[in-house]
Amino acid sequence: MSAQSDNWIDIAALDAVPQRGARLIKTAHGCVAVFRTGIDEVYALDNACPHKNGPLADGIVHGKAVTCPLHNWVISLETGAAQGADTGQVATYPAKVVDGRIQIDASFLTHRGVA
């Protein structure tokens with residue numbers, strides 16, 4: 001395990017994101033979608049589908065994937081990779097739950113490209 005980062009920022013209470021749902025987080029570096037699975041795991045990804053920039057936070061969460069609401073592309077919450085015959089990649093960011101609060105590692109946000 002790597003050294004503990006000092007850059008974890010509090011996003012919201014876990015209960016503020018419904019199971020199999022998402023919330024959009026607006027940052028100075030762009031928008032990040034924070035997802036909660038049916039078993040309370042959390043993941044953070046860029047909010048834009050690699051196909052046509054569909055808003056992933058509005059997609060359907062199933063298992064450890066989200067389906068884009070525009071063209072039904074399935075994106076892995078773990079890797080950010082498009083599934084099946086589709087190709088493409090979404091940036092992922094470290095996320096965790098501490099004492100019932102969702103946190104993401106802000107140091108990764110500053111390394112992302114902004115359109």
Side-chain angles (χ1 to χ4, degrees):
M1 186 174 267
S2 61
Q4 181 78 8
S5 171
D6 293 344
N7 295 317
W8 290 96
I9 56 172
D10 185 88
I11 298 300
L14 179 63
D15 290 341
V17 180
Q19 285 187 320
R20 293 174 296 284
R23 288 290 182 260
L24 182 64
I25 306 299
K26 294 180 180 181
T27 77
H29 303 284
C31 294
V32 174
V34 177
F35 298 92
R36 178 180 176 190
T37 68
I39 57 172
D40 296 336
E41 294 173 314
V42 294
Y43 296 92
L45 283 71
D46 278 345
N47 190 45
C49 177
H51 177 228
K52 298 230 179 196
N53 295 321
L56 293 177
D58 293 340
I60 297 170
V61 177
H62 47 98
K64 293 185 181 185
V66 61
T67 298
C68 179
L70 294 184
H71 300 101
N72 295 325
W73 277 39
V74 177
I75 308 298
S76 167
L77 294 175
E78 295 177 301
T79 67
Q83 304 296 290
D86 299 322
T87 58
Q89 184 76 34
V90 176
T92 62
Y93 306 98
K96 64 183 179 179
V97 177
V98 176
D99 297 328
R101 304 285 305 173
I102 299 172
Q103 298 180 357
I104 61 173
D105 190 339
S107 63
F108 281 76
L109 295 176
T110 60
H111 293 98
R112 67 195 301 251
V114 177

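Applying the salt bridge (charged side-chain N to carboxylate O under 4.0 Å, His left out) rule to Asp10 yields the partners Arg101; only residues at least two apart in sequence or on another chain are considered. For Asp40, the salt bridge (charged side-chain N to carboxylate O under 4.0 Å, His left out) partners two or more places apart in sequence, or in a different chain, are Arg36.
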Would you please test Leu77 and Val66 for side-chain contact (heavy atoms from CB on, under 4.5 Å) and show each step? CA-CA 7 Å; Leu77 294 175; Val66 61; 4.0 Å; yes

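Taking each heavy atom of Gly30 and Thr27 in turn, the nearest pair found is O-OG1, 2.6 Å. Scanning both residues, Val90 and Ala48, for their nearest heavy atoms gives CG2-O, 3.7 Å. Nearest heavy-atom pair, Cys31 versus Leu24, reported as atom, atom and distance to 0.1 Å: CB-CD1, 3.6 Å. A pairwise comparison of heavy atoms in Pro18 and Ala16 identifies CD-O, 3.9 Å as the closest pair. The two residues Ala44 and Ile104 have their closest heavy-atom pair at CB-CG2, 4.0 Å. When all heavy atoms of Thr92 and Gly80 are compared, the closest pair comes out as CG2-N, 3.6 Å.
The shortest distance between side-chain heavy atoms of Asp46 and Tyr93 falls below 4.5 Å. Between Ser76 and Gln83 the shortest side-chain heavy-atom distance falls below 4.5 Å. Between Arg20 and Thr37 there is no side-chain heavy-atom pair separated by less than 4.5 Å.
Glu41 contributes no side-chain N or O that, together with a main-chain N or O of Lys96, makes up a donor-acceptor pair within less than 3.5 Å. Side-chain atoms of Asp105 come within 3.5 Å of backbone N or O of Ser107 as a donor-acceptor pair.
One hydrophobic cluster, built from ILVMFWY side chains closer than 4.5 Å, holds both Val17 and Val97.
The only option from Ile75, Leu45, Ile102 that meets the side-chain contact (heavy atoms from CB on, under 4.5 Å) definition with Phe35 turns out to be Leu45.
Between Gln103 atom CD and Leu14 atom CG the span is 12.0 Å, to the nearest 0.5 Å. For the atom pair CD1 (Ile11) and CD1 (Ile25), the distance works out to 4.5 Å, reported to the nearest 0.5 Å.
Counting non-hydrogen atoms of neighbouring residues, nucleotides and ligands closer than 6.0 angstrom, the CD1 atom of Ile60 reaches no more than 12 such neighbours.
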Atom pairs and distances, donor-acceptor, side-chain atoms in residues 49-58, under 3.5 Å, two or more places apart:
residue : atom : partner : partner atom : Å
His51   : ND1  : His71   : ND1          : 3.4

